[in-house]
Amino acid sequence: QSALTQPASVSGSPGQSITISCTGTNSDVGGHDFVSWYQHRPGKAPQLMIYDVTVRPSGVSNRFSGSKSGNTASLTISGLQAEDEADYYCSSYTSSSTWVFGGGTQLTVL
Amino acid sequence: QLQLQESGPGLVKPSETLSLTCTVSSGSISSSHHLWGWIRQPPGKELEWIGSVYYRGSTDYNPSLESRVTISVDTSKNQFSLSLISVTAADTAVYYCVRRSVGQNWFDPWGQGTLVTVSS
């Protein structure tokens with residue numbers, strides 16, 4: 001199972017919105033509504049930010065939102081804050097009953 | 001809030017067995033609603049799902065690792081473990097323990113991760 005494709009890095013200024021894409025295939029992202037997103041800050045445990053494409057867990061800011069179109073899922077962060085600076089990873093359930101991840105996107109808040 | 005903590009050797013020799021343990025705190029591993037698993041990330045590469053175990057012992061593994069991996073659970077210690085045999089440098093990675101709810105497809109929470117280096 002090939003990894004999902006994410007941009008290596010994105011950046012934005014405080015208050016702006018950014019979108020991170022996650023591209024897979026019909027066997028993962030496109031075939032199932034089971035995409036999740038994780039935030040990973042250095043030295044901390046990765047944290048679930050979005051699951052089932054669009055669902056935000058309790059406690060996660062509503063500035064984070066998810067969507068999907070075809071084989072590409074997206075994570076949007078609005079009203080960027082310095083604390084959002086982190087690596088972001090997408091994941092999808094696959095038709096092989098496994099889970100596949102993206103290579104990660106480094107978000108820099110300028 | 002449930003927490004996970006990985007422990008084990010940080011250095012393993014090639015051809016030997018990598019063994020890690022994950023301790024579950026502020027929660028019970030004997031939950032009928034959850035599975036317990038491992039995910040790893042080699043340096044500069046993507047995360048890779050390794051597999052998971054149910055408290056009764058049933059397991060599922062990534063087919064790419066299935067021939068070398070065993071995940072087991074010790075309910076008396078509220079721990080679960082990973083064993084990976086015949087390791088090579090390609091198994092060098094940060095290993096994370098995770099929880100997944102039965103029937104769901106996301107992982108929460110995660111441990112902080114532990115780096116295991118395979119080198120002589």
Side-chain angles (χ1 to χ4, degrees), chain A residues 1-9 22-24 27-29 31-60 66 68 73 75 86-106, chain B residues 1-7 22-27 34-54 58-67 69 71 90 93-115:
Chain A
Q1 190 73 36
S2 300
L4 306 177
T5 301
Q6 297 181 234
S9 63
C22 171
T23 301
S27 296
D28 39 64
V29 175
H32 308 276
D33 288 333
F34 297 135
V35 175
S36 53
W37 290 89
Y38 303 88
Q39 177 191 69
H40 190 198
R41 295 195 185 107
K44 298 217 166 186
Q47 179 185 352
L48 176 69
M49 305 303 284
I50 296 285
Y51 66 92
D52 292 353
V53 179
T54 62
V55 183
R56 203 170 43 248
S58 173
V60 172
K68 190 184 86 167
L75 172 71
D87 292 332
Y88 291 85
Y89 295 89
C90 62
S91 175
S92 177
Y93 178 72
T94 80
S95 299
S96 302
S97 300
T98 61
W99 288 267
V100 66
F101 291 85
T105 298
Q106 182 177 47
Chain B
Q1 186 174 356
L2 185 135
Q3 292 186 320
L4 305 175
Q5 180 65 58
E6 306 89 350
S7 60
C22 182
T23 300
V24 179
S25 57
S26 301
H34 300 106
L35 300 106
W36 310 91
W38 295 90
I39 291 169
R40 71 179 183 177
Q41 185 172 31
K45 294 191 174 183
E46 69 273 8
L47 293 157
E48 180 180 33
W49 175 73
I50 298 172
S52 58
V53 64
Y54 190 55
S58 57
T59 55
D60 55 334
Y61 300 128
N62 189 324
S64 68
L65 295 168
E66 188 165 16
S67 63
V69 68
I71 299 176
V94 176
Y95 286 77
Y96 298 94
C97 56
V98 297
R99 184 185 71 173
R100 179 171 66 86
S101 297
V102 172
Q104 304 299 328
N105 297 285
W106 35 268
F107 304 97
D108 180 60
W110 296 52
Q112 284 203 326
T114 186
L115 174 63

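In what follows, chains carry the letters A, B, and so on, assigned in the order in which the sequence lines appear, proteins first and then strands, with residues in each chain numbered from 1. Just the heavy atoms: all of them, side chains too, but no hydrogens, waters or symmetry mates, feed the values below. Keep in mind that this is a model prediction, so the values were computed, not measured.
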A:Ala86 versus A:Arg41, closest heavy-atom pair with distance: CB-CG, 3.8 Å
Residue B:Tyr96 versus chain A: region with a heavy atom under 4.5 Å: side chain
Where A:Asp28 and A:Ser92 come nearest, the two heavy atoms and their spacing: C-OG, 3.2 Å
A:His32, part contacting chain B, at a heavy-atom distance under 4.5 Å: neither
Verdict with reasoning, B:Gln104 to A:Asp52, per side-chain contact (heavy atoms from CB on, under 4.5 Å): CA-CA 9 Å; B:Gln104 304 299 328; A:Asp52 292 353; 4.0 Å; yes
B:Phe107 and A:Trp99 aromatic ring geometry - parallel, tilted or perpendicular at 30°/60° bounds: perpendicular
Residue B:Gln41 versus chain A: region with a heavy atom under 4.5 Å: side chain
Steps toward side-chain contact (heavy atoms from CB on, under 4.5 Å) verdict (B:Glu6, B:Cys97): CA-CA 7 Å; B:Glu6 306 89 350; B:Cys97 56; 3.5 Å; yes
Plane angle bin for A:Tyr51 and B:Trp106 - parallel if under 30°, tilted between 30 and 60°, otherwise perpendicular: tilted
Chain A contact via B:Leu4 - side chain, backbone, both or neither, heavy atoms under 4.5 Å: neither
Contact leader toward chain B among A:Tyr38, A:Phe34, A:Tyr93, where contacts are heavy-atom pairs under 4.5 Å: A:Tyr38
Most contacts with chain B, counted as non-hydrogen pairs under 4.5 angstrom, among A:Gly103, A:Ala45, A:Pro46: A:Pro46
Heavy-atom pairs under 4.5 Å with chain A, option from B:Asn62, B:Val98, B:Leu47 with the top count: B:Leu47
